[in-house]
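Taking it in order: structure first as structure tokens, then the write-up.
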Amino acid sequence: MSERRIRIEGLRYNPEKDTQPRLQTYDVPFTDDMSLLQGMQYIKDHLDGSFTFRWSCRMAICGSCGIMVNGNPRLSCETFLRDLLPGPVRVEPLENFPIQRDLAVDQGRFVDTLASVKPYVVPAQEKPLSAGPHRQTPEQLAAYYQYSQCINCLLCYAACPQVGLNEHFVGPAALTLLHRYNADSRDVGWSARADVANSEGGVWGCTLVGYCSQVCPKAVDPAHAINQNKAKSALDYFGLRSLLGGAR
Amino acid sequence: MSEIRIYRRPMAARWWARNPTYRRYMAREASSFLLFAYALTLIYGLWRLGQGQAAYDGWLTWLASTPALLLHLLMLIAMVVHAVTWFEVAPKTMPKTGLPERAITLGGIAAAALGSLFVVALAIWWGAWR
């Protein structure tokens with residue numbers, strides 16, 4: 001059987017030499033079971049050892065290998081070369097992030113804002129350890145479970161034009177985590193994170209493009225998470241929230 | 001250690017043109033301008049009505065002219081685009097009802113739809129023939 005090849009065009013940027021990025025082309029032999037990540041690893045192992053990209057688990061769990069594939073944000077580990085035929089395949093770093101080297105981006109924007117949404121349970125009641133675990137009903141679990149599946153791959157940031165246009169926007173993944181903890185029955189809820197949600201870069205920074213939810217590899221639906229909080233934020237604005245009862 | 005040099009790629013002015021989801025989003029947002037134009041048309045009619053019968057008749061004559069009909073056709077298309085695209089994203093923006101999931105059944109949705117239709121029919125009948 002003759003060897004099949006596919007052309008991969010990689011964006012290259014070496015911060016020590018280049019003033020701006022350029023494209024470099026590689027012809028990669030592939031088999032039907034090869035992911036795009038494996039194709040890029042072939043480049044690194046056999047064609048050009050300086051080609052830089054991030055990866056770890058190879059099975060859509062770690063969230064490291066997000067890149068732009070032909071202009072769309074994808075995890076390279078779960079994108080298959082056979083589905084990209086006849087090629088060429090354009091691989092670029094995630095959009096809306098500064099490029100550090102080749103396909104590796106500076107994720108600082110996400111990491112720096114993450115702490116502000118308090119991505120942990122702010123307990124509604126302090127219980128001593130001896131009181132045992134906090135119990136939840138299946139409904140209470142279902143209220144936040146989907147949003148807890150985020151793997152921080154940042155495909156949603158690359159999909160969101162508002163992230164690119166508005167430097168103050170907190171961003172889809174961080175705001176989804178805000179909702180994930182707000183919706184948790186063990187958590188104080190809305191009041192714990194209202195300052196971030198109501199801020200200029202909070203939930204109102206979202207204009208409901210909705211592409212974040214389409215590209216999410218874990219079906220988290222950030223657009224839904226963010227927009228669920230707009231009603232609460234509006235009630236806060238008119239001072240009606242406490243009137244209608246409760247901080248949740 | 002020296003600072004890592006980064007490269008910021010500029011965002012293209014026509015960023016919305018390269019992706020079908022972005023184009024749909026822009027169509028949804030841009031259609032609101034024609035909706036605004038329709039609102040202005042109606043408000044203008046109201047203003048002309050306040051100026052007396054002759055002014056109002058003049059507005060009605062303008063409505064029947066070819067440019068006005070063409071404009072209304074455009075506004076109707078924009079209205080449909082706006083309504084359909086917003087209806088599509090409604091599930092993302094609707095606050096949760098607080099009802100348990102099993103309380104929302106197909107029969108219940110059908111009953112609510114028929115009930116609403118009945119209320120609308122009643123309102124039209126009351127408005128037209130009372």
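Chain naming here is simple, since letters A, B, ... match the order of the sequence lines and numbering starts at 1 in each.
Residue B:Arg18 places its CZ atom among more than 12 non-hydrogen atoms of other residues, nucleotides or ligands, all under 6.0 Å distant. Summarising the local packing, CG of B:Leu106 is surrounded by 12 or fewer heavy atoms from other residues, nucleotides or ligands at distances under 6.0 Å. For B:Tyr22, the OH atom is densely surrounded, since the number of other residues' heavy atoms within 6.0 Å is greater than 12. Residue B:Arg102 places its CZ atom among 12 or fewer non-hydrogen atoms of other residues, nucleotides or ligands, all under 6.0 Å distant.
Of the atoms belonging to A:Cys160, it is backbone heavy atoms, and not side-chain ones, that fall under 4.5 Å from chain B. In this structure, the portions of A:Ala223 lying under 4.5 Å from any heavy atom of chain B include both its backbone and its side chain. With a 4.5 Å cut-off on non-hydrogen atoms, A:Gln214 touches chain B through its side chain but not through its backbone. For A:Gln100, the parts lying under 4.5 angstrom from a heavy atom of chain B are both the backbone and the side chain.
In this structure, the separation between OG1 on A:Thr207 and CD on B:Glu29 is 6.0 Å, given to the nearest 0.5 Å. One finds the OG1 atom of B:Thr93 at 13.0 Å from the CD1 atom of A:Ile226 (value rounded to the nearest 0.5 Å). Taking CD1 of B:Ile6 as the reference point, atom OH of A:Tyr13 lies at 8.0 Å (rounded to 0.5 Å).
For the pair B:Thr21 and A:Tyr211, the tightest heavy-atom approach, listed with the atom from each and the gap, is OG1-CD1, 3.6 Å. Taking all atoms of both residues into account, the shortest heavy-atom contact from B:Met11 to A:Leu165 is CE-CG, 3.8 Å.
In terms of heavy-atom pairs under 4.5 Å with chain B, the best-connected choice from A:Val209, A:Asn227, A:Asn229 is A:Val209. Contacts with chain B were tallied for A:Arg101, A:Gln20, A:Lys230; A:Gln20 has the most, counting heavy-atom pairs under 4.5 Å. Ranked by heavy-atom pairs under 4.5 Å with chain A, the first of B:Met94, B:Arg28, B:Arg24, B:Met26 is B:Arg28.
With a 4.5 Å cut-off on side-chain heavy atoms, A:Pro93 and B:Arg9 count as touching. Side-chain contact between A:Asn72 and B:Asn19 is present, with heavy atoms from C-beta onward closer than 4.5 Å. In this structure, the side chains of A:His224 and B:Pro91 stay at 4.5 Å or more apart for every pair of heavy atoms. Considering only heavy atoms from C-beta on, B:Trp16 stays 4.5 Å or farther from A:Pro161 through its side chain.
Although no hydrogens or angles enter the test, the distance criterion places a donor-acceptor pair under 3.5 Å between the side chain of B:Arg5 and the main chain of A:Asp18.
No donor-acceptor contact under 3.5 angstrom links the side chains of A:Thr19 and B:Tyr7, judged on distance only.
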